Amino acid sequence: MKAAAFLGCNVSIRRFEYEAAARAVAKKLDIEFVDSNDFGCCGYGAGPIDHDTYLAMAARNICVAEDMGVDLMMVFCSACSGNLTKVNKLLQENEEERKHINELLKSVGREFKGTVKIKHFTRFLAEDIGLERLKKEIVHPLEGVRIASHYGCHYIKPPEIFDHFEDPIHPHSMDDLVAVAGATPVNYPNKRQCCAGAIIAVSEDTSVKIVTEKLENLEKTGVDALAVHCPFCHVMYDEYQKHESVKLEKPIPVLFLPQILGLAMGCDPKKELGIKKKVAKKLLGGSE
Amino acid sequence: MSASEDSKGVANTGPFDFDKLDKDFKFEISREPGGENIMYCFACGTCAGICPVGDKNEDFDPRRLIRLAILGFREEVLSSPAIWLCSTCYSCTVRCPQDVKITALMAAIQTISSRDGYAHDSYRMFIDMAMKHKFILEVSEFENSKRAKLGCPEITADPAETVKLIEHTKALDIIKRKPKSEGAKK
């Protein structure tokens, strides 16, 4: 199984422990990631400025994957995944729009052909690899560890761009994967709440209030860790725990889903997964 | 119309004079990608009820913004800082009984607002960063050395292709625009 690895800005520059863990898990599952330095920003922030710029920036990245000769483009950031999937579908289905964007892409010698499928890594694990296959790789089940999942928004919504692979109001793929790792999936109030990362530069105050509510709900519920699969959600729940308005009794470790799977698959916590020693010990040993 | 600010993040809009409203605004929005379904809205408020942003910040009320847009408060809506508060979570989109596609609609309103010179600074900066680095963050040797320690390949940030592409669009012109109308607010 071969796929182009589209990292985007936040995974490759700010949260590469996520990338490292995804690579380690992929290796166990014989998934080959093909890298390219031709990839750039997915175009997410260009939408509110100019629709054509947004489509062209996203399409250029899809063209890079097409030109690599792969059938699948694997994406790790939920915002990139939502964005690229949406544009891929639009340009595959709308001939007029495709011609128009291809005119722009001509300037950089690219052409959108519509030959690749785009998938978020979590969706790929749940849908293509499957829970049964994953179970076979588990050598160190995280027994008794209570893990809550944050699905985020752009992983499943709007559902029509993701072939309705999961009900956006009752998602379960992350909890299923947490359970495969041997941990206990935990439900908590307002689980679907957005991380508000998209408006951090517009109203930090509003974002912090939204983040605080989730962190407090997690503390009240009692969890050992929060699982995420988007670098921006990670920044919001991890870095903002240090914000003065967030008052938690003790920090809540925020881990990427592949870090959790990697731990259970016996990967090296520090070298392969980028997990702090203390956190790894707690999850592997059940207690500190 | 008064330009004074009320508690809801949009310029004071009532009581209003129908003759002064821009009745074409709803059509302008419906021609913009994402705004096609605006006229399906019957103002039920499901969007406002589920909105995680509105829950914490009363300046953001999607139902009110859509109502004002349909009525024709063009300048008030486009100049309002509130339109930039949508966190694009799609909570409203998946629940809207009229399939208004509110998240996409908010983006359509933002795009028109940007063309009128009201683009939020963070999005102007986005284009600047993409032009400089092709990413919205800068890659230095520091990141690459840390990446190497975790076995991740080196990344380079040659923006040439991205720059060329963006230069062929209207983005660079739009991010330079300032509002034309008098009394316009940021």
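As the structure is a computational prediction, the values presented were derived from the model and not from experiment. Below, each value reflects all heavy atoms present in this structure, side chains not excepted, and no hydrogens, waters or symmetry copies. To find a chain, count down the sequence lines: A is the first, B the second, and so on, and within it residues start at 1.
Listed here is the closest heavy atom pair of Arg23(A) and Gly151(B): CD-O, 4.5 Å. When all heavy atoms of Ser87(B) and Ala196(A) are compared, the pair lying nearest together is CB-CA, 4.5 Å. Among all heavy-atom pairs drawn from Leu104(A) and His168(B), the shortest one is CD2-O, 3.2 Å. Here the closest non-hydrogen pair linking Gly47(A) and Thr111(B) is O-OG1, 3.2 Å. Minimum interatomic distance between Ala198(A) and Tyr123(B) (heavy atoms only, all atoms of both residues): O-OH, 4.0 Å. Closest of all the heavy-atom pairs between Trp84(B) and Pro48(A) is CZ3-CB, 3.6 Å.
Taken to the nearest 0.5 Å, the CD1 atom of Ile161(A) stands 6.0 Å off from the OH atom of Tyr90(B). A distance of 11.5 Å separates CG of Leu150(B) from NZ of Lys271(A), quoted to the nearest 0.5 Å. For the atom pair CD1 of Ile136(B) and CZ of Arg14(A), the computed distance is 7.5 Å after rounding to the nearest 0.5 Å. The distance from atom CG of Asn61(A) to atom OG1 of Thr162(B), rounded to the nearest 0.5 Å, is 7.5 Å.
Interface remark: Leu137(B) contributes backbone and side-chain atoms alike to the contact with chain A (heavy atom separation under 4.5 Å). Neither the backbone nor the side chain of Lys214(A) comes within less than 4.5 Å of any heavy atom of chain B. Heavy atoms of Ala130(B) lying under 4.5 Å from chain A belong exclusively to its side chain. Using a 4.5 Å cut-off between heavy atoms, Lys106(A) makes no contact with chain B at all. Residue Phe135(B) touches chain A through both its backbone and its side chain, counting heavy-atom pairs closer than 4.5 Å. For chain A, the nearby part of Asp55(B) is the side chain; its heavy atoms alone come within less than 4.5 Å. In this structure, the portions of Tyr44(A) lying under 4.5 Å from any heavy atom of chain B include both its backbone and its side chain. At a 4.5 Å heavy-atom cutoff, the contact between Glu154(B) and chain A is made by backbone atoms alone. Proximity to chain A (any heavy atom under 4.5 Å) is shown, for Lys146(B), by both the backbone and the side chain. Neither the backbone nor the side chain of Glu97(A) comes within less than 4.5 Å of any heavy atom in chain B.
For the pair Ser12(A) and Arg147(B), the minimum side-chain heavy-atom distance is below 4.5 Å. Inter-residue side-chain proximity for Met57(A) and Thr169(B) is flagged as unmet; no heavy-atom pair is nearer than 4.5 Å. Taking 4.5 Å as the limit, some side-chain heavy atom of Ser203(A) sits within range of a side-chain heavy atom of Leu85(B). Using a 4.5 Å heavy-atom threshold, the side chains of Pro153(B) and Glu19(A) count as touching. At a threshold of 4.5 Å between non-hydrogen side-chain atoms, the residues Ser107(A) and Leu165(B) count as touching. Side chains of His154(A) and Thr88(B) form a contact here, defined as non-hydrogen atoms less than 4.5 Å apart. Counting only heavy atoms from C-beta outward, the side chains of Asp173(B) and Asp50(A) never approach each other to under 4.5 Å. Put simply, the side chain of Lys157(A) reaches to within 4.5 Å of the side chain of Ser91(B), judged on heavy atoms.
For Glu96(A), there are no side chain to side chain donor-acceptor pair (under 3.5 Å) partners two or more places apart in sequence or in a different chain.
Interface remark: of the candidates Ile174(B), Ile112(B), Asn57(B), Thr156(B), Thr156(B) forms the most heavy-atom pairs closer than 4.5 Å to chain A. Of the listed residues (Pro52(B), Ala107(B), Ala171(B), Cys86(B)), the one with the most heavy-atom contacts under 4.5 Å to chain A is Ala171(B). By number of non-hydrogen pairs under 4.5 angstrom with chain A, the leading residue of Ser140(B), Cys89(B), Ser114(B) is Cys89(B). Listed options Asp35(A), Ile199(A), Ile49(A) were ranked by heavy-atom pairs under 4.5 angstrom with chain B; first place goes to Ile49(A). Contact count versus chain B (heavy atoms, under 4.5 Å) is highest, among Leu90(A), Ile169(A), Ile156(A), Asn190(A), for Ile169(A). Note: Arg110(A) leads Glu160(A), Arg110(A), Gln193(A) in heavy-atom pairs under 4.5 Å with chain B. For chain B, the option among Cys42(A), Gly274(A), Pro168(A), Ala46(A) with the highest count of heavy-atom pairs below 4.5 Å is Ala46(A). For the set Arg95(B), Glu161(B), Gln110(B), the entry with the most heavy-atom pairs within less than 4.5 Å of chain A is Glu161(B).
Heavy-atom neighbours of chain B within the stretch residues 2-9 of chain A, taken at a separation under 4.5 angstrom, comprise Leu7(A), Gly8(A), Cys9(A).
Listed for the Lys134(B) side chain is a donor-acceptor partner under 3.5 Å among the backbone atoms of Phe39(A).
When the shell of 6.0 Å around NZ of Lys99(A) is examined, it contains 12 or fewer heavy atoms from other residues, nucleotides or ligands.
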